[in-house]
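Read the structure below first, then the notes.
Note that the structure is predicted; figures quoted are calculated from it, not measured. Note on naming: letters A, B, ... go to the chains in the order of the sequence lines (proteins, then strands), and numbering restarts at 1 for each one.
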2 protein chains.
Amino acid sequence: MPLPIKISEETFTPRQQAVLTAALDLLVENGDGLTMTAVARRASCSKETLYKWFGDRDGLLTATVQWQAAKVRMPHVDRSHLSAKVLRESLEQFARDLLTTIVGEVSITLNRTAVTHAAQEKDSLGNIVLENGPLAIRRRLKPILEAARDARLLRFNASEDAYRTFFGLVVRDVQIRLLLGDKGLTQSNVEANIEADVKAATDQFLALYGAKANI
Amino acid sequence: MPLPIKISEETFTPRQQAVLTAALDLLVENGDGLTMTAVARRASCSKETLYKWFGDRDGLLTATVQWQAAKVRMPHVDRSHLSAKVLRESLEQFARDLLTTIVGEVSITLNRTAVTHAAQEKDSLGNIVLENGPLAIRRRLKPILEAARDARLLRFNASEDAYRTFFGLVVRDVQIRLLLGDKGLTQSNVEANIEADVKAATDQFLALYGAKANI
DNA sequence: GCGGAACCGTACCGTACGGTACGCCTGCGG
DNA sequence: CCGCAGGCGTACCGTACGGTACGGTTCCGC
């Protein structure tokens with residue numbers, strides 16, 4: 001039962017969304033604690049209903065991840081008015097959104113769930129997370145980078161490389177350390193540094209790819 | 001039963017290492033397929049022995065991860081003969097080792113296992129992987145960076161920031177995509193580009209942190 | 001050769017959980 | 001008022017798996 005790529009308002013009824021919220025809460029609270037019985041109890045519905053709506057446990061998991069992942073919003077930038085200032089602000093906004101998302105407990109949970117899933121030869125959850133995370137960023141960022149190149153604000157050969165460098169400069173080792181549960185990297189700890197990290201990453205990216213006049 | 005941080009030759013008997021090898025093979029082959037029965041069968045030993053040696057399933061998992069993670073070797077660089085050329089080669093070697101490791105199936109499996117574990121409020125495996133992965137790199141790389149700064153080959157304020165930038169430039173989105181099972185990123189696919197990526201990352205790092213004469 | 005320790009293989013137990021069946025209640029169209 | 005669809009709660013089933021027990025075998029020290 002492959003779910004549609006795009007989740008619209010009517011994909012799930014309000015009642016179903018309440019169930020998905022319960023499932024997500026359980027996931028966040030207690031990683032693998034997503035048992036059908038627990039979801040049913042939390043959502044005050046019967047297991048039979050769960051199976052009717054979502055098919056099986058995997059379907060529920062997929063629906064939960066998909067529904068939540070689609071909520072990640074992405075900044076929209078007007079490509080037609082690019083200037084050095086606008087470009088920098090756009091990059092900073094992307095970096096800020098990316099870091100803020102990655103640091104969030106929901107994102108950590110979803111990524112962990114998808115990684116766990118991927119360890120079982122199933123890549124559906126991983127694809128959903130990728131599609132709504134890194135790849136969504138890439139889709140939004142690449143046109144901007146290319147527009148900036150056209151406007152002589154940036155210099156690079158492949159926008160793919162530029163995007164991936166930006167990603168690396170922003171994320172660094174934060175995500176993997178959070179996923180691995182590094183205690184030296186509390187959420188609040190990272191959040192406090194987001195603004196500084198955003199600025200540093202943007203500066204570095206512009207130093208590498210910016211046309212000289214715009215550094 | 002906390003295991004020692006450092007794994008020496010005598011930590012496990014050859015027979016025990018054979019068991020751990022079997023466990024690791026099962027992990028790699030089939031992510032969560034690490035059942036005690038499967039390990040016992042694969043290693044031709046009894047479950048009772050497994051419990052006697054490793055306490056419980058978690059102990060076996062921990063021993064497996066720890067034993068394997070400790071195998072990751074790290075380049076050793078002589079800090080006393082730093083030149084621009086030696087520095088560049090050292091950085092490239094670090095980048096190459098890091099990428100090669102990350103791309104390997106064993107590393108992917110270990111990281112996935114540790115992430116899954118971290119989703120259950122247990123951070124022991126995550127700590128082991130961190131300790132033998134990113135943190136090991138950091139321990140080795142930082143002194144080199146600082147020596148290079150002393151030799152006026154690099155410029156930075158905090159070596160921590162420099163290290164993390166290097167990590168980001170090298171790893172970019174490769175690891176998270178591999179962990180999530182991105183099919184657009186096959187192992188062979190990445191391996192073919194390692195040398196180019198190593199050079200690009202090193203160039204970028206030196207462009208950001210190198211003293212001008214050494215770019 | 002003998003006793004015991006270590007270990008193999010297997011049978012066994014308890015539990016947790018995915019999935020199903022069923023009885024009951026509620027709301028709604030006719 | 002009746003019938004029925006949708007859904008709740010619960011009991012139930014089968015299985016997989018962690019963990020234990022036990023008989024049989026090998027090997028080593030004495």
Side-chain angles (χ1 to χ4, degrees), chain A residues 1 3 10-65 109 112-114 116-117 119-122 124-125, chain B residues 1 3 10-65 109 112-114 116-117 119-122 124-125:
Chain A
M1 190 203 299
L3 288 180
E10 297 99 14
T11 307
F12 300 112
T13 68
R15 183 75 183 98
Q16 286 172 334
Q17 294 187 29
V19 170
L20 295 178
T21 301
L24 184 68
D25 287 349
L26 282 173
L27 265 188
V28 171
E29 284 173 23
N30 174 10
D32 63 341
L34 190 90
T35 71
M36 301 302 275
T37 306
V39 173
R41 188 158 38 221
R42 174 73 65 105
S44 292
C45 72
S46 74
K47 284 169 68 174
E48 196 168 16
T49 303
L50 292 184
Y51 285 102
K52 187 176 193 175
W53 285 349
F54 304 104
D56 56 5
R57 184 178 181 278
D58 243 44
L60 173 60
L61 210 53
T62 305
T64 304
V65 171
T109 298
R112 279 181 180 159
T113 305
T116 301
H117 216 241
Q120 302 162 11
E121 300 144 16
K122 303 180 175 186
S124 59
L125 290 191
Chain B
M1 190 201 301
L3 288 179
E10 297 99 15
T11 308
F12 299 113
T13 69
R15 183 73 182 101
Q16 285 173 334
Q17 294 187 31
V19 170
L20 295 179
T21 302
L24 184 67
D25 288 349
L26 283 173
L27 264 188
V28 171
E29 284 172 23
N30 174 10
D32 63 341
L34 190 90
T35 70
M36 301 302 275
T37 305
V39 173
R41 188 157 40 220
R42 175 73 66 104
S44 293
C45 72
S46 75
K47 284 170 66 176
E48 196 169 15
T49 303
L50 292 184
Y51 285 102
K52 187 176 193 176
W53 285 349
F54 304 104
D56 56 5
R57 185 178 182 278
D58 243 43
L60 173 60
L61 210 53
T62 305
T64 304
V65 171
T109 299
R112 279 181 180 158
T113 305
T116 301
H117 215 241
Q120 302 161 13
E121 299 145 14
K122 304 180 175 187
S124 58
L125 291 191

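- Atom pair B:Lys47:NZ and C:dG9:P shows a separation of 14 Å (rounding to whole Å applied).
- Mapped onto DNA chain D by nearest heavy atom, A:Lys52 and B:Thr35 fall at different nucleotides, with A:Lys52 at the one closer to the 5' end.
- The CG-P distance, from A:Leu60 to C:dG18, rounds to 10 Å in whole Å.
- The B:Met36 side chain lies nearest to D:dG18 when the options are D:dG18, C:dA6, D:dG7.
- Comparing C:dG18, D:dC8, D:dA21 against the side chain of B:Glu48 picks out D:dA21 as the nearest.
- Closest heavy-atom contact between B:Met36 and B:Leu50: O-CD1, 3.6 Å.
- The closest side-chain heavy-atom distance from A:Thr116 to A:Leu125 is not below 4.5 Å.
- The CZ-P distance, from B:Arg42 to C:dG9, rounds to 15 Å in whole Å.
- Listed nucleotides C:dG9, D:dG7, C:dG18 differ in distance to B:Ser44; the shortest reach to its side chain belongs to C:dG9.
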Please, what dot-bracket string fits DNA chain C when only Watson-Crick and G-U pairs with both distances under 3.5 Å count, crossing ones use [ ] and pairs to another strand use |? ||||||||||||||||||||||||||||||
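- Interatomic distance, B:Thr62 OG1 to B:His117 NE2, rounded to the nearest 0.5 Å: 5.5 Å.
- Here the closest heavy-atom approach between residue A:Arg15 and residue A:Cys45 is recorded as NH2-CB, 3.7 Å.
- In this structure, A:Leu20 and A:Phe54 have side chains that are in contact, with non-hydrogen atoms separated by less than 4.5 Å.
- Taking atom OH on A:Tyr51 and atom P on D:dG9, their separation rounds to 16 Å, with Å as the unit.
- Rounded to whole angstrom, the span from the CZ atom of B:Phe54 across to the C1' atom of D:dG18 amounts to 16 Å.
- One can place CG of A:Leu50 at 12 Å from C1' of D:dG9, the figure rounded to the nearest angstrom.
- Between the CG atom of B:Leu24 and the CD atom of B:Glu29 there is a distance of 10.0 Å, given to the nearest 0.5 Å.
- A close approach under 4.0 Å does not occur between any side-chain nitrogen or oxygen of B:Trp53 and OP1 or OP2 of C:dA6.
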Please determine whether side chain to side chain contact (heavy atoms under 4.5 Å, CB included) holds for the pair A:Thr113 and A:Thr109, giving the CA-CA distance in whole Å, both sets of side-chain angles, and the decisive distance to 0.1 Å. CA-CA 6 Å; A:Thr113 305; A:Thr109 298; 4.1 Å; yes
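- Residue A:Arg57 places its side chain closer to C:dG19 than to any other of D:dG18, C:dG19, C:dC8.
- Distance A:Asp58 CG to C:dG19 P: 8 Å, rounded to the nearest Å.
- Rounded to an integer number of Å, the gap from B:Leu34 CG to D:dG18 P is 8 Å.
- Counting any heavy atom pair closer than 4.0 Å across all strands shown, B:Arg15 reaches sugar-phosphate atoms only and no base atom.
- A:Thr49 has a side-chain polar atom (N or O) that falls below the 4.0 Å cut-off from OP1 or OP2 of D:dC8.
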